Amino acid sequence: MASMTHSSLPLVFLCSLFYVIFSSFCYCKSVSSITIDSLRASLENQEDFIVFSLIERARYPYNSFAYDPFFLGNQNCSFVELFVRETEAMEAKFGRYQNPEELPFFPDYTQPQLAPPHKFPNFILPKILHPPAASANVSRRIWDMYFNDLLPLFTKKADDGNYQQTVASDLICLQALSRRIHSGRFVAEIKFRDSPQNYIPAIQAKDSETLMKLLTFTSVEEAVVKRVFKKAEIFGQNVNLGKNNVKEAEDKGIESKYKVEPSVASKLYQEWVIPFTKQVEVDYLLRRLI
Ligand SMILES: C=C(O[C@@H]1C=C(C(=O)O)C=C[C@H]1O)C(=O)O
């Protein structure tokens, strides 16, 4: 094995120094390239997928069989729970939850990764969250809201037997909602970094109410709700090509102009998505100084 000569030592030292300085520079630059505006742009993009996921789920009726509890071995379970648990376990094996934006609904059932670990392309995301605060999680509330409140608002009370397709669409909606709502952790981190002096006294006093006021931007929220309404109007319009098609649509039982009523999409945001996102932000900030 070649031994290192005295003359190469300064070069090695200089290279290591350069590497340390360069990698810290990249880290700081990438953290600072995440801004409140870039995060808001990402939330705006996610709206498209959420609206399309609702439209996809609306292709199937409510299909209550998928949600009725039954006994499996000695535990009470439902078709949808079983499907989500098993799918998450499989997706975990392929590294889905290596991405800090993704949180499972059944973390106790997720499996160790099977596929080789890979370098996360956007390497800065895993590092941006303050570890004790990253556990802010409202998955249970998202689950209950989706099945108890939202689903009955935009599905027909009927049963077509497509239970697998139904719960697969449910999972896509749930994952999209969870990703959007838990983005509140990243938003809170950036708000904190932008003006720690504003947040620190309320965090130290464990004052949730003041934190909620500090992180709220009413005009941004109003714009989000209006935009989501418009997106549901544009993306979900039933398209007719003239009088014959109107007749055809009537024969097929398509009564509404929209696949999902735009008011349902905007209600989803106004009543649940935005309040849950803000709850995640508060929960995150309360743990920001631990
Ligand atoms: C996400 C943010 O925090 C709050 C939540 C918002 C949302 O969920 O859309 C919008 C504005 C804020 O009141 C933000 O400031 O962008």
Side-chain angles (χ1 to χ4, degrees), residues 31-54 99-103 122 124-125 128-130 133-146 149-150 153 173-203 207-235 260 262-288:
V31 168
S32 65
S33 71
I34 300 177
T35 62
I36 190 69
D37 287 340
S38 69
L39 285 172
R40 283 179 181 155
S42 156
L43 297 185
E44 187 174 336
N45 283 335
Q46 292 180 49
E47 288 161 9
D48 300 9
F49 189 67
I50 290 176
V51 171
F52 281 121
S53 312
L54 298 180
N99 180 333
E101 290 171 292
E102 304 281 355
L103 295 172
N122 188 354
I124 213 63
L125 267 181
I128 188 177
L129 296 178
H130 181 65
S135 59
N137 188 311
V138 293
S139 296
R140 189 74 241 171
R141 288 184 72 190
I142 298 172
W143 180 277
D144 291 342
M145 172 279 287
Y146 178 80
D149 303 313
L150 183 64
L153 294 181
C173 292
L174 284 167
Q175 286 174 333
L177 290 168
S178 171
R179 198 177 311 124
R180 195 296 180 184
I181 290 165
H182 290 113
S183 297
R185 295 169 306 154
F186 298 96
V187 172
E189 177 62 28
I190 293 301
K191 285 179 179 172
F192 178 82
R193 286 187 197 204
D194 284 348
S195 48
Q197 70 285 358
N198 291 350
Y199 289 96
I200 287 173
I203 297 172
D207 183 350
S208 311
E209 228 173 276
T210 301
L211 286 173
M212 188 62 95
K213 279 190 195 134
L214 285 171
L215 59 81
T216 294
F217 290 81
T218 310
S219 61
V220 176
E221 293 180 20
E222 284 165 2
V224 170
V225 172
K226 269 193 202 152
R227 195 171 51 233
V228 168
F229 184 94
K230 197 144 200 141
K231 284 183 179 182
E233 249 183 351
I234 295 169
F235 303 164
V260 170
S263 58
V264 170
S266 59
K267 182 183 166 84
L268 164 65
Y269 266 73
Q270 189 150 34
E271 293 203 7
W272 300 300
V273 171
I274 294 176
F276 287 9
T277 304
K278 287 164 60 169
Q279 189 56 54
V280 167
E281 290 183 58
V282 170
D283 292 349
Y284 182 92
L285 288 167
L286 286 171
R287 293 173 210 166
R288 184 57 181 76

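For ligands, and for the atoms within them, numbers begin at 1 and follow the listed sequence. Model, not experiment: these values are computed from the prediction.
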Parallel, tilted or perpendicular: which describes the rings of Tyr199 and Phe192, with under 30° parallel and over 60° perpendicular?
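Plane angle between 30° and 60°, so tilted.
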Mode of [X] contact toward ligand 1 - side chain, backbone, both, neither (heavy atoms, under 4.0 Å):
X      : answer
Arg180 : side chain
Ile274 : both
Leu215 : backbone

Mind checking whether [X] has an N or O less than 3.5 Å away from an N or O of ligand 1?
X      : result
Glu221 : yes
Thr218 : no
Val224 : no

Below 4.0 angstrom from a heavy atom of Thr277, which ligand 1 atoms are there? Numbered from 1 as shown, please.
8 (O)
Per-atom filter on ligand 1: closer than 4.0 angstrom to a heavy atom of Phe217 are 11 (C), 12 (C), 13 (O), 15 (O)
With distance as the sole criterion, is a donor-acceptor pair present between the side chains of Asp37 and Thr35 under 3.5 Å?
no
Going by atom types alone, do Ser42 and Gln46 pair a side-chain donor with an acceptor below 3.5 Å?
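Ser42 vs Gln46: donor-acceptor pair found between side chains.
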Is there a side-chain contact between Trp272 and Lys267 (heavy atoms, below 4.5 Å)?
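Yes, at least one pair of side-chain atoms sits under 4.5 Å.
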Who's closest to atom 3 (O) of ligand 1 heavy-atom-wise, of Arg40, Lys278, Glu281?
Glu281
Indicate yes or no for a side-chain donor-acceptor contact from His182 to the backbone of Val138 under 3.5 Å, with no hydrogens or angles considered.
yes
Do Arg287 and Asp283 sit within salt-bridge range, that is, some charged N less than 4.0 Å from a carboxylate O?
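Looking at Arg287 and Asp283, the cut-off is not met.
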